[in-house]
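Note that this is a predicted model, so its numbers are computed, not measured.
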Amino acid sequence: MRAFEPDSNRGHTWQTYGDLEPCDDTDSTIHPFGYDEPPYHNGPVCTTCGYGYCWHCHSEGPPEPCQGKPPTKEGQPIAGPPPVLCYLALYD
């Protein structure tokens with residue numbers, strides 16, 4: 001699989017594999033499956049505003065610019081995914 005790099009970021013900071021793996025946070029490759037809508041839509045997710053889009057449908061880059069803040073529901077930030085545990089750390 002090729003590394004995903006959108007042509008235009010439009011202000012977004014995309015989630016990387018390193019963001020997901022606390023045991024090895026050095027991988028700066030953009031995570032191409034952060035946004036996942038069945039059946040075949042997937043792409044990156046912005047760590048700043050939470051926006052995601054399908055990179056198959058919009059290969060030129062994200063249609064919407066970064067809003068600069070996370071989405072909210074009734075004035076409260078929407079909770080992100082649960083933290084990924086590093087099982088190797090349990091056995092140190």
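- When all heavy atoms of Thr16 and Ser28 are compared, the closest pair comes out as CG2-O, 3.5 Å.
- Considering CZ of Phe33 and CG of Asn42, their distance stands at 5.0 Å, rounded to 0.5 Å.
- Across all their heavy atoms, Gly34 and Gln15 have their closest contact at CA-OE1, 4.0 Å.
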Does Arg10 form a side-chain contact (heavy atoms from CB on, under 4.5 Å) with Cys66? I'd like the steps, not just the answer. CA-CA 6 Å; Arg10 301 198 66 192; Cys66 182; over 6 Å; no

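- Taking the ring centroids of His56 and Tyr40, they lie at or beyond the 6.0 Å cut-off.
- Listed for the His58 side chain is no donor-acceptor partner under 3.5 Å among the backbone atoms of Glu60.
- Residues Pro65 and His12 come closest through the heavy atom pair C-NE2, 3.4 Å.
- Tyr53 and Trp14 have tilted rings, their planes meeting at an angle from 30° to 60° on a 0 to 90° scale.
- Atom OH of Tyr35 sits about 14.5 Å away from atom CH2 of Trp55, to the nearest 0.5 Å.
- To the nearest 0.5 angstrom, Thr13 atom OG1 is 9.5 Å from Ile30 atom CD1.
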